[in-house]
Amino acid sequence: QVQLVESGGGLVQAGGSLSLSCAASGRTFSSYPMGWFRQAPGKEREFVAGISWSGGRTYYADAVEGRFTISRDNAKNTVSLQMNNLKPEDTALYYCTALERSSWLSNSFIGRYWGQGTQVTVSS
């Protein structure tokens, strides 16, 4: 089992940057592809970014491609999301997740373990 704790959310003006971090417990962290999802009020949770076991492959939602960067450090059991040029529509609760391994291989990105989320608010 993997336990996940996010940090780094906050309030930022449009065009600004934030960096989210997710700390994982458990010795199996490196055996999971990892991802970030978000959920805005009144909307369904959506995939934002994913990273492979070793960090060698990444995927991004079209809405964040070119602005967000996901990375991981398996030695420190952490995964990060650097968010630049933030827009008001990026406002949401952001969740860190350890992805189902099979879902990574099929590009369906299904979360198996979830953190509690960290709020990101972008003002216009």
Side-chain angles (χ1 to χ4, degrees):
Q1 188 166 350
V2 178
Q3 294 183 324
L4 305 168
V5 179
E6 303 95 336
S7 62
L11 174 64
V12 65
Q13 289 188 330
S17 298
L18 278 176
S19 181
L20 305 183
S21 185
C22 174
S25 64
R27 291 177 289 178
T28 60
F29 172 77
S30 62
S31 66
Y32 287 94
M34 297 295 295
W36 288 92
F37 282 67
R38 67 186 181 187
Q39 187 168 19
K43 295 187 177 181
E44 293 186 355
R45 190 175 298 187
E46 63 177 2
F47 171 79
V48 174
I51 189 165
S52 63
W53 295 259
S54 66
R57 179 165 290 185
T58 57
Y59 288 99
Y60 297 93
D62 290 343
V64 307
E65 179 82 52
R67 300 188 296 122
F68 290 12
T69 302
I70 188 171
S71 60
R72 68 187 296 164
D73 186 335
N74 287 342
K76 296 181 178 179
N77 280 13
T78 59
V79 59
S80 300
L81 186 68
Q82 176 65 40
M83 305 183 295
N84 298 327
N85 190 22
L86 283 161
K87 304 176 180 181
E89 52 264 41
D90 294 318
T91 295
L93 190 60
Y94 282 71
Y95 297 91
C96 174
T97 180
L99 298 167
E100 291 280 4
R101 299 181 184 94
S102 59
S103 75
W104 175 265
L105 298 174
S106 63
N107 289 0
S108 57
F109 309 125
I110 297 171
R112 179 170 183 176
Y113 301 109
W114 296 87
Q116 293 300 307
T118 185
Q119 179 68 38
V120 171
T121 303
V122 184
S123 63
S124 57

Count I, L, V, M, F, W, Y as connected when their side-chain heavy atoms are under 4.5 Å apart, and connections chain through other members. Are [X] and [Y] then in the same cluster?
X     : Y     : value
Tyr59 : Trp53 : yes
Leu81 : Phe47 : no
Val12 : Tyr94 : yes
Leu18 : Val64 : yes

Mind checking whether [X] and [Y] have side chains closer than 4.5 Å, heavy atoms only?
X      : Y      : value
Met83  : Asp90  : no
Arg112 : Arg101 : yes
Asp73  : Phe29  : no
Trp36  : Val79  : yes

message: Around atom CD of Gln3, are there more than 12 heavy atoms from other residues, nucleotides or ligands closer than 6.0 Å?
response: no

task: Evaluate whether atom CZ of Arg57 has more than 12 neighbouring non-hydrogen atoms of other residues, nucleotides or ligands under 6.0 angstrom away.
output: no

field: Heavy-atom pair with the smallest gap, counting every atom of Glu6 and Cys96
entry: OE2-N, 2.8 Å

task: List the atom of Ser54, the atom of Asn74, and the distance in Å for their closest heavy-atom pair.
output: CA-ND2, 4.4 Å

task: Step by step, work out the side chain to side chain contact (heavy atoms under 4.5 Å, CB included) result for Gln119 and Leu11.
output: CA-CA 8 Å; Gln119 179 68 38; Leu11 174 64; over 6 Å; no

query: side-chain hydrogen bond (donor to acceptor under 3.5 Å, both in side chains) with Ser106: which of Ser102, Ser108, Ser103?
result: Ser108

- request: Could you walk me through whether Met34 and Leu4 pass the side chain to side chain contact (heavy atoms under 4.5 Å, CB included) test, one step at a time?
  value: CA-CA 11 Å; Met34 297 295 295; Leu4 305 168; 3.9 Å; yes

task: Evaluate the criterion side chain to side chain contact (heavy atoms under 4.5 Å, CB included) for residue pair Val48 and Phe109; output intermediate values, then yes/no.
output: CA-CA 10 Å; Val48 174; Phe109 309 125; over 6 Å; no

- prompt: Counting distance only, does the side-chain N/O of Thr97 pair as donor-acceptor with the main-chain N or O of Tyr113 below 3.5 Å?
  reply: yes

query: Once the angle between the rings of Tyr95 and Trp114 is folded into 0 to 90°, is it parallel (under 30°), tilted (30 to 60°) or perpendicular (over 60°)?
result: perpendicular

query: Cationic tip of Arg72 within the cone over Tyr32's six-membered ring, i.e. under 6.0 Å and within 45° of the normal?
result: no

